[in-house]
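Keep in mind it's a predicted model, so treat the numbers as computed, not measured. A, B, ... follow the sequence lines: proteins, then strands. Residue 1 opens every chain.
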Number of protein chains: 2
Amino acid sequence: MREDRLVSPTLEDVARAAGVSRATVSRVINGIRNVDPEIQETVRQAVAAVGYVPNRAARSLVTGKTGSIALVVSGAGHFFARVFTDPFFGRVVSGISGHLRPLGVHLVLMLAEAADARAQVIDYLRQGHVDGAILVSTHAEDPLPAQLVESGPPVVLFARPAQPLRISYVDVAHSAGARLAADHLIARGCERVATISGPLDVPASLERLSGFREAMARHGHAYIPSVEGNFTQESGEQAMERLLADHPGIDGLFAGNDLMAQGALLVAQSHGLRVPHDLAVVGFDDSSAALACRPPLTTVRHPVEDMSAEMSRLLLAHIEDPDRRVTSVIFEPDLVIRQSA
Amino acid sequence: MREDRLVSPTLEDVARAAGVSRATVSRVINGIRNVDPEIQETVRQAVAAVGYVPNRAARSLVTGKTGSIALVVSGAGHFFARVFTDPFFGRVVSGISGHLRPLGVHLVLMLAEAADARAQVIDYLRQGHVDGAILVSTHAEDPLPAQLVESGPPVVLFARPAQPLRISYVDVAHSAGARLAADHLIARGCERVATISGPLDVPASLERLSGFREAMARHGHAYIPSVEGNFTQESGEQAMERLLADHPGIDGLFAGNDLMAQGALLVAQSHGLRVPHDLAVVGFDDSSAALACRPPLTTVRHPVEDMSAEMSRLLLAHIEDPDRRVTSVIFEPDLVIRQSA
DNA sequence: GTACGGAGGGAGAGCGCTCTCCAATCCCGA
DNA sequence: TCGGGATTGGAGAGCGCTCTCCCTCCGTAC
């Protein structure tokens with residue numbers, strides 16, 4: 001009993017206990033080729049009896065596979081605050097592991113905020129610790145995607161990369177989402193609508209902004225004032241101050257994400273505006289901020305879980321066939337109507 | 001070049017390129033024993049030339065070490081909401097990886113919410129994928145700590161386990177923190193103080209409650225009304241409704257964590273109470289909720305980063321010496337004074 | 001009775017690495 | 001000049017597993 005702890009049993013031990021060869025035990029465990037059902041049973045009992053657990057290192061040494069994939073969350077600056085504040089990541093993890101767990105594939109979460117962490121992640125991936133990686137990058141200039149494409153296992157991206165890259169990715173139709181927001185504000189009767197965009201070097205921000213402008217133009221609104229934020233609540237507050245100063249009469253607002261919407265909402269209220277009565281606010285993402293707001297935010301929601309599951313599907317396909325051509329899958333967002341608009 | 005991708009170079013290749021033996025290359029890479037500096041240089045150049053990356057599987061097969069440890073976040077129910085909403089986990093990760101990175105040890109994050117996920121985590125740990133684990137459990141009845149102690153690699157816990165267990169852990173002096181809160185409320189001149197506690201099957205909640213009561217008793221307050229919550233904002237709201245109904249005149253509140261404090265604060269405000277003028281509120285944890293509140297929360301802050309670093313230190317010591325006796329390290333909390341009290 | 005085929009099991013060669021021996025070399029003092 | 005210790009490099013045995021051969025055995029057809 002005491003020795004079981006120190007030296008865990010090997011295939012050899014199981015084989016001896018079952019009175020068969022190592023190869024047969026291996027076959028039973030991996031379910032390959034025909035093995036007499038009776039012997040299978042004997043082996044299984046022996047496995048249980050000696051408390052055998054396959055040694056992953058030995059296995060992957062010969063197979064070249066590890067049976068686990070990494071979820072790499074990369075970004076700069078306000079990184080931890082982002083990951084651990086934004087339930088978006090929770091939905092990503094949930095979607096991925098929901099798809100992976102039944103397949104017996106392990107998910108390893110890696111965080112790469114600073115440059116040295118990034119180097120470590122690359123090391124980790126190159127050393128063959130995982131068979132592939134799903135990369136969620138929160139920053140436009142993040143060099144990680146490019147570095148990974150160059151050397152390393154198969155990678156799938158969340159969201160279209162800022163620079164064109166030979167890499168599969170999954171994204172949402174941002175402009176369609178923005179259009180939902182625009183149509184809703186118009187339907188509510190808003191006349192003077194403004195927008196707070198995300199950083200314009202991020203493709204998603206750009207698409208949301210241009211999609212919103214386009215949809216508004218279709219409704220006859222040629223000019224939509226906009227201020228650029230950086231996806232934080234604080235930047236939303238500052239942007240709203242600017243908007244209220246420059247365009248005092250606005251009665252509708254579309255923010256590039258919920259956090260900025262929340263900031264804007266707080267500022268609007270501190271200026272005595274009632275939401276949604278005086279100002280209708282629509283966010284994007286359906287993050288926890290949307291629910292934390294008073295009133296709760298009307299917002300555009302991506303099917304993050306579905307998107308994440310699709311990412312794992314794509315990644316597994318790439319692992320299976322390294323020469324598979326890269327693809328992109330785009331999902332349609334929904335509008336979640338709450339009280340802010 | 002093309003083949004480098006498919007079959008990555010091995011030690012043998014480096015050895016051939018450098019004109020030395022495999023053993024020598026290994027020695028250079030691992031920095032063991034004396035190797036002629038000139039040869040070292042030659043080997044290093046060969047490594048760079050062929051683009052060699054050590055195969056971790058092969059290495060850990062022989063060494064029995066993997067060079068990575070797991071951070072297992074376990075809990076039931078509102079799990080994802082917790083991890084990805086509570087910046088507390090961000091601070092934990094930050095503290096751990098800050099300590100581990102310079103040592104070249106990889107951190108693998110694992111989430112174990114449901115029972116099947118838990119089984120998978122145990123598998124993962126037993127298969128020797130990591131050398132040890134740091135376990136953060138958010139639930140009192142979580143069976144994972146006990147299961148891991150029984151079979152698996154060294155484990156260190158965040159917070160004292162609900163059931164006594166032969167396992168090292170790191171915790172904060174909860175009662176001392178509660179006392180800081182009590183003293184502060186008294187110093188502000190509060191006369192009728194109440195508290196909202198966390199679930200009482202969690203040791204931390206219990207200690208905070210009894211510590212608070214004890215400190216208040218020391219100030220002559222024999223009776224402190226309290227309502228039990230479950231650490232969620234919603235439970236804080238419900239608890240506050242109860243408190244206001246049963247004890248209309250309270251002017252000071254200590255909540256078992258910030259989320260409940262936030263809920264309580266919102267309810268108090270909706271009842272027309274001004275914070276801190278009519279009601280002073282003190283939270284616990286210094287989570288993001290503390291800052292998101294209006295007014296921002298005065299709260300008790302643990303040195304989470306230091307605690308996390310200490311956990312990694314303990315874990316590495318246990319890995320180094322499996323027979324090391326278990327220890328607990330208790331940290332002192334601070335009071336962060338903001339506007340709510 | 002012989003030939004043949006398929007199913008079931010074993011033997012053994014590695015996967016890429018570390019690490020223990022052991023051999024070669026060198027420097028020193030006697 | 002030679003012996004002995006220190007230093008440095010190489011040979012080779014595994015770590016635990018998978019997987020390709022190959023052998024045996026049995027049933028079937030001729």
Side-chain angles (χ1 to χ4, degrees), chain A residues 3-4 6-44 46-47 50-68 104 123 126-129 131 153, chain B residues 3-4 6-44 46-47 50-68 104 123 126-129 131 153:
Chain A
E3 290 156 33
D4 290 1
L6 297 175
V7 182
S8 59
T10 73
L11 258 197
E12 197 71 55
D13 300 324
V14 179
R16 209 176 307 120
V20 296
S21 79
R22 208 172 58 242
T24 303
V25 180
S26 175
R27 280 196 274 264
V28 171
I29 287 172
N30 296 297
I32 307 177
R33 269 190 38 181
N34 282 334
V35 176
D36 190 299
E38 209 166 305
I39 295 190
Q40 282 193 35
E41 191 46 38
T42 314
V43 169
R44 255 184 272 279
V47 165
V50 304
Y52 173 74
V53 179
N55 179 320
R56 206 88 180 208
R59 178 178 288 178
S60 59
L61 178 57
V62 36
T63 58
K65 293 258 168 288
T66 66
S68 43
D123 265 13
R126 293 200 61 203
Q127 281 175 352
H129 239 131
D131 298 333
Chain B
E3 292 156 33
D4 290 0
L6 297 174
V7 181
S8 58
T10 73
L11 260 195
E12 197 72 56
D13 299 325
V14 179
R16 208 176 308 121
V20 297
S21 79
R22 209 171 57 242
T24 303
V25 179
S26 175
R27 281 196 274 265
V28 171
I29 288 172
N30 297 296
I32 308 178
R33 271 189 33 180
N34 280 335
V35 175
D36 190 299
E38 209 166 304
I39 295 192
Q40 281 193 35
E41 191 45 39
T42 315
V43 169
R44 254 185 272 282
V47 166
V50 304
Y52 173 73
V53 178
N55 178 321
R56 205 88 180 209
R59 177 178 289 178
S60 57
L61 178 58
V62 36
T63 59
K65 295 257 166 289
T66 66
S68 43
D123 265 15
R126 292 201 62 203
Q127 282 174 353
H129 240 129
D131 299 333

Taking side-chain contact (heavy atoms from CB on, under 4.5 Å) as the test, write out the residues that go with B:Ala18, two or more places apart.
-> B:Val20, B:Thr42, B:Val43, B:Ala46
Taking only residues two or more places apart in sequence, or in another chain, which ones meet A:Thr24 in a side chain to side chain donor-acceptor pair (under 3.5 Å)?
-> A:Ser21
Grab the CD-P distance between B:Glu12 and C:dC17 for me, whole Å please.
-> 9 Å
How close or far is atom P of C:dG16 from atom CG of A:Asn55, stated in whole angstroms?
-> 17 Å
With B:Arg126, which residues qualify under side chain to side chain donor-acceptor pair (under 3.5 Å), at least two apart?
-> none
Angle separating the five-pair end axes of the helix from C:dG1-D:dC30 to C:dA30-D:dT1, nearest 10°, is 60°
Those residues at least two apart in sequence (or on a different chain) that pass side-chain contact (heavy atoms from CB on, under 4.5 Å) with B:Asp123 are none
Whole angstrom is fine here: how far is it from CG in B:Leu11 over to P in D:dG12?
-> 17 Å
How many Å lie between CZ on B:Arg56 and C1' on C:dC17, as a whole number?
-> 13 Å
B:Arg16 CZ - C:dG16 C1' separation (whole Å) = 13 Å
Spacing of B:Arg27 atom CZ relative to C:dC21 atom P, expressed in whole Å = 14 Å
Whole-Å distance separating the CZ atom of A:Arg59 from the P atom of C:dG16 | 18 Å
What pairs of residues pass the salt bridge (charged side-chain N to carboxylate O under 4.0 Å, His left out) test when at least one of them lies in residues 12-21 of chain B, not counting sequence neighbours?
-> B:Glu12-B:Arg22, B:Asp13-B:Arg16
Taking only residues two or more places apart in sequence, or in another chain, which ones meet B:Arg27 in a side chain to side chain donor-acceptor pair (under 3.5 Å)?
-> none
Where is the tightest heavy-atom contact between B:Tyr52 and B:Thr10, given as atom of each residue plus distance?
-> CE1-C, 3.5 Å
Could you identify which residues of residues 17-25 of chain B place a heavy atom less than 4.0 Å from some atom of DNA chain C, listed by residue number, or say none?
-> B:Arg22, B:Ala23
For A:Asn55, enumerate each residue passing the side chain to side chain donor-acceptor pair (under 3.5 Å) test, keeping only those at least two apart in sequence or located in another chain.
-> none
Does B:Gln40 use its side chain to pair, donor to acceptor, with the backbone of B:Val35 at less than 3.5 Å?
-> yes
For nucleotides 6-8 of chain D, print each protein N/O atom paired with a nucleotide N/O atom at under 3.5 Å, atom names and distance only.
unit_1	atom_1	unit_2	atom_2	d
D:dT8	OP2	B:Asn34	ND2	2.6

Partners meeting side-chain contact (heavy atoms from CB on, under 4.5 Å) with A:Arg59 (sequence neighbours left out) | A:Ile29, A:Asn30, A:Pro54, A:Thr63
Would you say A:Glu38 and A:Glu41 make side-chain contact, with heavy atoms under 4.5 Å?
-> no
For A:Tyr52 and D:dG16, give me the distance from atom OH to atom P, rounded to whole Å.
-> 10 Å
